[in-house]
Amino acid sequence: MSEAKKYLTISALTAYLKRKFDADPYLEKVYVTGEISNIGRRRGRHLYFSIKDPNGHAVISAAMFSYASRLKFDPEEGMKINAIGRIQIYEPSGTYAIILEQMAPDGIGELFLAYEQLKRKLSAEGLFNLPKKHIPLFPKRIAVVTSPTGAVIEDIARTVQRRFPSAQVVLFPAVVQGDKASTTIIKQILRIDGSGQYDTLIVGRGGGSIEDLWAFNDEKLARVIAATKLPVISSVGHETDNTLADFVADQRAATPTAAAELATPVTLAQLMSRLNELQVRLNLRMKQLIDNRRQRVERVSQHVIFQQPDRLYSGYNQRVDQLSHALNQLLQQRFISAQHQVTILAQRQLQIRKNILQQPREKIQLLAAKLDLMSPLKILTRGYVLIEKDGQVIQTIKDIQPEDEVELRLANGTAAAKIIETRALKSE
């Protein structure tokens, strides 16, 4: 072997090491513990960071692909974790890293950490401090979102029937445990809230571990409950269990029975007792009012006006007579004045009309006389005749021929004639 062939390229060396890493069974599944560092490197759905020893003497690069679907909690800088993954060499740079399959906080449950992180987030947004809606005193319809097979709906229905039997309990069945639980619960809440047919909404299930109750820690479910128009009572788990649904609800009940009691603030017995009390108070008050009105009527009936009622309006009658007389006089005066004004205006109108029409009338008479003098009919009275042919006046001898039928117009009538002969003057 020549001296040159003893040397390896970096790519060849890295490829050799990668095959060694991939073939080593101890590096296929490695358990490591340490603190998260450089957590800021996130690329889309993938998470890139470092894991270091608490003393900081050793660091390894780490990556987790599609981390959002794998983790319940949100990794934070400096958090101590326990992780499981495989060691892998990245050939282009020759660096090695651990590709994580699982990761959990050290010393604390993953779900509990995720719960605390989401709780802090929603609290910082003020979602827990929104104004709480009041529970109706006399509900007509109560909607319950829970499992149809558990004891929750039975306890609620039995308690409502005992306390306020006129209220109707309507079950909206939902899955209350597992990955699909929050989706079905949200769907039923939106359905109830959008119908406008219910007074109160109860969301709940029985007790269990944090894993069993995890659907009620869903962020979307918490926001939906906070945004409902209906007042919401949360009854999830036992008294010591707390979920995010409890914090955003308008009331939190430790048990289903307590939830039903909150949904019916006034019992039937309390209502009947209150009605009886109000009826007694109403009777006493009505008796007092009637007595007071009777005494007042008696006092008023003794007034002088009721003893001598004519005195009430005698003065008004005199005043009416005076005003009526004054009104008649005023109207008569105004009528006479108006009549005088009309007479004056009529005379003025006649005089103005006479003056205005005098000159035009004289001019018209003069023009009529002139027009009469120039009228052809006026000339006919002196023995002249107009000859017309086919409606046209004959002006020269050339306009007619022998045998033409013509019409003769005289002063007092017309006559039909026939031309026998025409003779033109020599000057023609």
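The structure presented is a predicted model; accordingly, all values stated were derived computationally and were not measured.
Taking the charged nitrogens against the carboxylate oxygens, Arg86 and Glu101 do have a contact shorter than 4.0 Å, which makes a salt bridge. A salt bridge is defined here as a Lys NZ or Arg NE, NH1 or NH2 lying under 4.0 Å from an Asp or Glu carboxylate O, and Asp404 with Lys389 meets this definition. For Arg141 and Asp199, the salt-bridge test fails: no basic side-chain N is under 4.0 Å from an acidic carboxylate O. For Lys133 and Asp250, the salt-bridge test passes: some basic side-chain N is under 4.0 Å from an acidic carboxylate O. A salt bridge between Arg223 and Glu125 is present, with a side-chain N of the basic residue lying under 4.0 Å from a carboxylate O of the acidic one.
Annotation: side chain to side chain contact (heavy atoms under 4.5 Å, CB included) contacts of Thr149 (sequence neighbours excluded): Ser147. With sequence neighbours excluded, the residues that form a side chain to side chain donor-acceptor pair (under 3.5 Å) with Gln117 are Glu76. By the side chain to side chain contact (heavy atoms under 4.5 Å, CB included) test, Asn217 pairs with Tyr115, Trp214, Thr243, Leu244, sequence neighbours left out. Ile290 is linked by a side chain to side chain contact (heavy atoms under 4.5 Å, CB included) to Arg294, counting only residues two or more places apart in sequence or in another chain.
When all heavy atoms are compared, the tightest approach of Gly34 to Ile51 is CA-CG2, 3.8 Å. Ala174 and Val145 get closest at one heavy-atom pair: CB-CG1, 3.8 Å. The minimum heavy-atom distance between Pro139 and Ala167, with the atom names listed, is O-CB, 3.5 Å. Looking at every heavy atom in both residues, Val144 comes nearest to Val169 through CG2-CG1, 3.8 Å. Closest approach of Ala263 to Ile202, counting heavy atoms only: CB-CD1, 4.0 Å. Here the closest non-hydrogen pair linking Phe49 and Ser37 is CB-O, 3.4 Å.
Side-chain N or O atoms of Thr184 include one that pairs as donor or acceptor with a backbone N or O of Val175 at under 3.5 Å. Of the possible polar contacts, one joining the Thr146 side chain to the Gly204 backbone as a donor-acceptor pair under 3.5 Å is found. Side chain of Asp390 to main chain of Gln392: no donor-acceptor pair is present (N/O by atom type, distance under 3.5 Å, no hydrogens or angles). Side-chain atoms of Glu219 do not come within 3.5 Å of backbone N or O of Leu118 as any donor-acceptor pair. Distance alone, capped at 3.5 Å, is enough to place a donor-acceptor pair between the Thr159 side chain and the Asp155 backbone. Counting only distance, with no hydrogens or angles, the side chain of Asn276 and the backbone of Met272 share a donor-acceptor pair below 3.5 Å. Between the side chain of Thr422 and the backbone N or O of Ile400, no donor-acceptor pair lies under 3.5 Å.
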Worked verdict on Val32 versus Ile60 for side-chain contact (heavy atoms from CB on, under 4.5 Å): CA-CA 10 Å; Val32 296; Ile60 185 174; 6.0 Å; no

For Leu221 and Ile189, run side-chain contact (heavy atoms from CB on, under 4.5 Å): C-alpha distance rounded to whole Å, both residues' side-chain angles, the deciding distance at 0.1 Å, then the answer. CA-CA 9 Å; Leu221 174 60; Ile189 291 176; 3.8 Å; yes

Checking Val406 against Ile419 for the side-chain contact (heavy atoms from CB on, under 4.5 Å) test, could you report, in this order, the C-alpha distance in whole Å, the side-chain angles of both residues, the deciding distance, and whether it holds? CA-CA 7 Å; Val406 296; Ile419 303 300; 4.0 Å; yes

side-chain contact (heavy atoms from CB on, under 4.5 Å), that's the test. Do Leu100 and Phe65 meet it? Break it down for me. CA-CA 8 Å; Leu100 300 181; Phe65 303 118; over 6 Å; no

List the steps and the verdict of ring pair (Phe, Tyr, Trp, His ring centres under 6.0 Å) for Tyr198 and Phe172. CA-CA 12 Å; Tyr198 299 90; Phe172 286 82; 5.6 Å; yes

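Here the CD1-CG distance, from Ile336 to Leu331, works out to 11.5 Å after rounding to the nearest 0.5 Å. Note that the CD atom of Glu154 and the CG atom of Leu171 stand 10.5 Å from one another [nearest 0.5 Å]. Distance check: Leu327 CG to Leu323 CG gives 8.5 Å after rounding to the nearest 0.5 Å. The CD1 atom of Ile387 lies 11.0 Å from the CD atom of Glu407; values are rounded to the nearest 0.5 Å. Distance check: Gln197 CD to Ile192 CD1 gives 10.5 Å after rounding to the nearest 0.5 Å. Separation of atoms CG (Leu330) and NE2 (His325) is listed at 11.5 Å; rounding is to 0.5 Å.
Among Leu282, Asn283, Leu275, the single residue meeting the side chain to side chain contact (heavy atoms under 4.5 Å, CB included) criterion with Gln279 is Asn283.
For Leu289, the CG atom is densely surrounded, since the number of other residues' heavy atoms within 6.0 Å is greater than 12. Within 6.0 Å of NZ on Lys132 lie more than 12 heavy atoms contributed by other residues, nucleotides or ligands. For OH of Tyr96, the number of neighbouring non-hydrogen atoms (other residues, nucleotides, ligands) closer than 6.0 Å is 12 at most. When the shell of 6.0 Å around CD of Gln288 is examined, it contains more than 12 heavy atoms from other residues, nucleotides or ligands. Around the CD atom of Gln359, the shell of radius 6.0 Å holds no more than 12 heavy atoms that belong to other residues, nucleotides or ligands.
Residue pairs that meet the salt bridge (Lys or Arg N to Asp or Glu O under 4.0 Å) test with at least one member in residues 269-283, sequence neighbours left out, are Arg274-Glu277. Counting only residues at least two apart or on different chains, no ring pair (Phe, Tyr, Trp, His ring centres under 6.0 Å) pair has a member in residues 345-367.
Proximity of Ile135 to Leu262: side-chain heavy atoms (C-beta onward) are nowhere separated by under 4.5 Å. Between Phe216 and Val176 the shortest side-chain heavy-atom distance falls below 4.5 Å. Between Ile84 and Lys29 the shortest side-chain heavy-atom distance falls below 4.5 Å. Between Leu230 and Thr200 there is no side-chain heavy-atom pair separated by less than 4.5 Å. Using a 4.5 Å heavy-atom cutoff, the side chains of Thr257 and Arg158 are not in contact. In this structure, the side chains of Thr267 and Phe164 stay at 4.5 Å or more apart for every pair of heavy atoms. In this structure the side chain of Lys119 reaches within 4.5 angstrom of the side chain of Phe247, judged on heavy atoms. A heavy-atom distance below 4.5 Å is found between the side chains of His46 and Ser66.
Side chain to side chain, Thr264 and Arg163 meet the donor-acceptor criterion of an N or O pair below 3.5 Å. Using a 3.5 Å distance cut-off with no hydrogens or angles, the side chains of Asp246 and Ser234 do pair a donor with an acceptor.
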